[in-house]
Amino acid sequence: MFKKTICLLLLSIFGTGYTWSAHRTDEEVDLQALYRQIDDAMSQAPQYAAKRLSKIDDTRKKLATESRPDGQLPLAEQLFELYKPYRNDSALYYISLCVALADSLDRKDAAGLHLAQKALLCSRADMYLEALKLLNQVDKRVLSREGQTMYYWAWMHVCGEIASYSQLPDERNDYFALQDTYRDSLLAVAADDSEASLHLRMDVLTARKLYQDALDVSDNWLSKVAEGTHEGAYAAFYRSIVYEKLENGRLVRYWLGKSALNDIKCAVNDQASLFMLAERLCDDGDYERAYRYVRFCEQCNTTFLPQLHKYQVRYVSNVMEAVCKDGQARYQRLLLYGGMVVLLLSAVVIWLLFSRCRCRCYVQDGPQAGR
């Protein structure tokens, strides 16, 4: 009797857990309403960019009038943060200025932090050799907790990028192993509520197929960020990855759309989520919207970098190929329908001519038949 009671209790717990988990890994969303919001935001992109540029102009004026290095450093840091998602070359200029100012103030911890930030910026712009050179200049013994977090994050990123694009199996495996090492170091030093810690915890939980736990971390992350911010876009993007593993295409599209919408509203030119959403829209047969999204992304990324990232090129080619195939299919259908109309009209004309000839023959033969 006791064993039976325990078994029933366990079944009820696991059964309840399963039902709750299944419920928690689904959400009620309106994709068409979200797509309309994205379309509207795209039409207002110049106004969003104007707001960012206004903040940049105000900060640059303050920097121009500040003569003390200890007053210039925080202003240069603000300009770096403003330019970082908007224009890469300008962000590189101001982070370099931050390094120089920190050195002039003998702020070794700040100089190390900014070198690591510059390395991460280079890595994200596909400048891997430059990133490695910068990271080798950092003295990690003088870094603060924030500096250590950025240092290990930059190392993790550049090792992962090199591994992903390497054609040599041994080198690829070595860099992936280094990426894992730096990821563990990053998790050990990063604050629990930091962006780095939250996204890595989600990565680890998702890799272990603990999707509900990953969504719980995502809930916590989303509660800490505001709508219409780059931080909000980042949190939404990582939620889409969990749903990708759950093979829930509807919610993948929704959270990619939310991520893209946030980036558009805060004038982020380094677009990623909208590229990925465009590719999935092609799978849905929405080629017109996918094409518009890709064109918008290309315009944004031209401002951010002279050329597209390697991964972005793949999304552009996939979408354009799908759009071309759809265009060819439409053209072929148009030719088919046009041919059918021509054949039908030809048949009608032939029938009319035949009928007219018969009428003439009847009129001409009719009097002779009556004589």
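Worth knowing before you read on, the calculation uses all heavy atoms, side chains too, and leaves out hydrogens, waters and symmetry mates.
Here Leu261 contributes atom CG and Leu256 contributes atom CG; the two are 12.5 Å apart, rounded to the nearest 0.5 Å. Note that OG of Ser144 and CE of Met150 are 10.0 Å apart. Values are rounded to the nearest 0.5 Å. Rounding to the nearest 0.5 angstrom, the gap separating the CG atom in Leu82 from the CG atom in Leu53 is 9.5 Å. Atom CG of Asp263 and atom CG of Leu274 lie 9.0 Å apart (nearest 0.5 Å). To the nearest 0.5 angstrom, Leu132 atom CG is 11.5 Å from Gln137 atom CD. Taking CZ of Arg124 as the start and NE2 of His157 as the end, the distance is 5.5 Å to the nearest 0.5 Å.
In terms of heavy atoms, Leu135 sits closest to Ala119 at CG-CB, 3.6 Å. For the pair Trp255 and Ala236, the tightest heavy-atom approach, listed with the atom from each and the gap, is CB-O, 3.6 Å. Scanning both residues, Ile56 and Leu79, for their nearest heavy atoms gives O-CD2, 3.7 Å. Nearest approach of Gly147 to Leu143, heavy atoms of both residues: O-CD1, 3.8 Å. The nearest pair of heavy atoms linking Leu281 to Ala290 is CB-CB, 4.0 Å. Residue Ser43 comes nearest to Gln47 through the heavy atom pair O-OE1, 4.1 Å, listed as atom of the first residue, atom of the second, then distance.
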Mind listing the side-chain donor-acceptor pairs of residues 94-103 below 3.5 Å, one per line with the distance, residues two or more places apart or on another chain?
from, atom 1, to, atom 2, distance (Å)
Ser96, OG, Leu92, O, 2.8
Ser96, OG, Lys118, NZ, 2.8

Going by atom type alone, with no hydrogens or angles, which donor-acceptor pairs under 3.5 Å involve a side-chain atom of residues 105-117 and a protein atom two or more places apart or on another chain?
from, atom 1, to, atom 2, distance (Å)
His114, ND1, Gln117, OE1, 2.7
His114, NE2, Glu77, OE2, 2.8

Side-chain donor/acceptor pairs under 3.5 Å, residues 178-191, sequence neighbours excluded:
from, atom 1, to, atom 2, distance (Å)
Thr181, OG1, Ala177, O, 3.1
Ser185, OG, Thr181, O, 3.2

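For the residue pair Asp213/Tyr211, the side-chain donor-acceptor check at 3.5 Å is not satisfied.
Clustering ILVMFWY residues whenever any of their side-chain heavy atoms sit less than 4.5 angstrom apart, transitively, puts Leu205 in the very cluster that holds Tyr243. Transitive grouping of hydrophobic side chains (ILVMFWY, heavy atoms separated by less than 4.5 Å) keeps Ile162 and Leu121 in distinct clusters. Linking ILVMFWY residues whenever their side-chain heavy atoms come closer than 4.5 Å, directly or via other members, places Leu34 and Met42 in the same cluster. The cluster map of Ile, Leu, Val, Met, Phe, Trp and Tyr, joined by side-chain heavy atoms under 4.5 Å apart, puts Met127 and Tyr151 in different clusters. Transitive grouping of hydrophobic side chains (ILVMFWY, heavy atoms separated by less than 4.5 Å) keeps Phe176 and Trp153 in distinct clusters.
Salt bridge annotation for Asp89-Arg87: present, with a cationic side-chain nitrogen under 4.0 angstrom from a carboxylate oxygen. Looking at Lys224 and Glu231, no side-chain N of the basic residue comes within less than 4.0 Å of a carboxylate O on the acidic one, giving no salt bridge. Looking at Lys133 and Glu130, no side-chain N of the basic residue comes within less than 4.0 Å of a carboxylate O on the acidic one, giving no salt bridge. For Glu66 and Arg68, the salt-bridge test passes: some basic side-chain N is under 4.0 Å from an acidic carboxylate O.
Using cut-offs of 30° and 60° on the angle between ring planes, the pair Tyr86 and Tyr83 is tilted.
Residues Gln299 and Thr303 fail the side-chain proximity criterion, which asks for heavy atoms closer than 4.5 Å. Using a 4.5 Å heavy-atom cutoff, the side chains of Asn220 and Val217 are not in contact. You'll find the side chain of Tyr293 stays beyond 4.5 Å of the side chain of Phe275, heavy atoms only. Between Tyr152 and Lys140 the shortest side-chain heavy-atom distance falls below 4.5 Å. Using a 4.5 Å heavy-atom threshold, the side chains of Cys300 and Phe304 count as separate.
A salt bridge (Lys or Arg N to Asp or Glu O under 4.0 Å) check over residues 141-167, counting only residues at least two apart or in different chains, returns the pairs Asp139-Arg141. Annotation: salt bridge (Lys or Arg N to Asp or Glu O under 4.0 Å) contacts involving residues 29-42, sequence neighbours excluded, comprise Asp39-Arg289, Asp39-Arg292.
Under the 3.5 Å distance criterion, the side-chain polar atoms of Ser197 are left unmatched by any main-chain donor or acceptor of Asp193. Side-chain atoms of Asn248 come within 3.5 Å of backbone atoms of Leu251 as a donor-acceptor pair (strictly under, hydrogens ignored). Within the 3.5 Å criterion, the main-chain N or O of Ala163 finds no donor-acceptor partner in the side chain of Ser166. In this structure, Thr302 contributes its side chain and Glu298 its backbone to a donor-acceptor pair below 3.5 Å. In terms of modelled atom types and a separation under 3.5 Å, the side chain of Gln271 and the main chain of Val268 share a donor-acceptor contact. A distance-only check finds no donor-acceptor pair linking the side chain of Ser240 to the backbone of Val252 [under 3.5 Å].
Listed by chain and residue number, nothing satisfies the side-chain hydrogen bond (donor to acceptor under 3.5 Å, both in side chains) test with Arg52 (two or more places apart in sequence, or in another chain). Partners of Thr149 under the side-chain hydrogen bond (donor to acceptor under 3.5 Å, both in side chains) rule, at least two apart in sequence or in another chain, do not exist in this structure. Residues satisfying the side-chain hydrogen bond (donor to acceptor under 3.5 Å, both in side chains) test with Arg208, not counting sequence neighbours, are none. Legend: residues meeting side-chain contact (heavy atoms from CB on, under 4.5 Å) with Ser218, ordered by chain and number and at least two apart, are Met202, Leu222, Arg239. Applying the side-chain hydrogen bond (donor to acceptor under 3.5 Å, both in side chains) test to Gln78 and every residue at least two apart in sequence or in another chain returns nothing. With sequence neighbours excluded, no residue satisfies ring-ring contact (aromatic ring centres under 6.0 Å, His included) with His230. Residues satisfying the side-chain contact (heavy atoms from CB on, under 4.5 Å) test with Leu31, not counting sequence neighbours, are Tyr35, Arg250, Arg253, Tyr254.
Annotation for Tyr93: atom OH does not count as buried by contact number, only 12 or fewer foreign heavy atoms lying within 6.0 Å.
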Exercise. Test Tyr234 against Tyr238 for ring pair (Phe, Tyr, Trp, His ring centres under 6.0 Å), laying out the working first.
Key: CA-CA 7 Å; Tyr234 204 54; Tyr238 274 93; 5.2 Å; yes
Self-check item: Test log, rule side-chain contact (heavy atoms from CB on, under 4.5 Å), inputs Val242 and Lys245
Solution: CA-CA 5 Å; Val242 181; Lys245 297 298 182 182; 5.8 Å; no
Practice problem: Please step through side-chain contact (heavy atoms from CB on, under 4.5 Å) for the pair Leu200 and Met156, ending with a clear verdict. | Solution: CA-CA 11 Å; Leu200 284 178; Met156 183 190 72; 3.8 Å; yes
Quiz prompt | Intermediate values then yes/no, side-chain contact (heavy atoms from CB on, under 4.5 Å), Asp203 and Thr206 | solution = CA-CA 5 Å; Asp203 280 347; Thr206 302; 5.8 Å; no
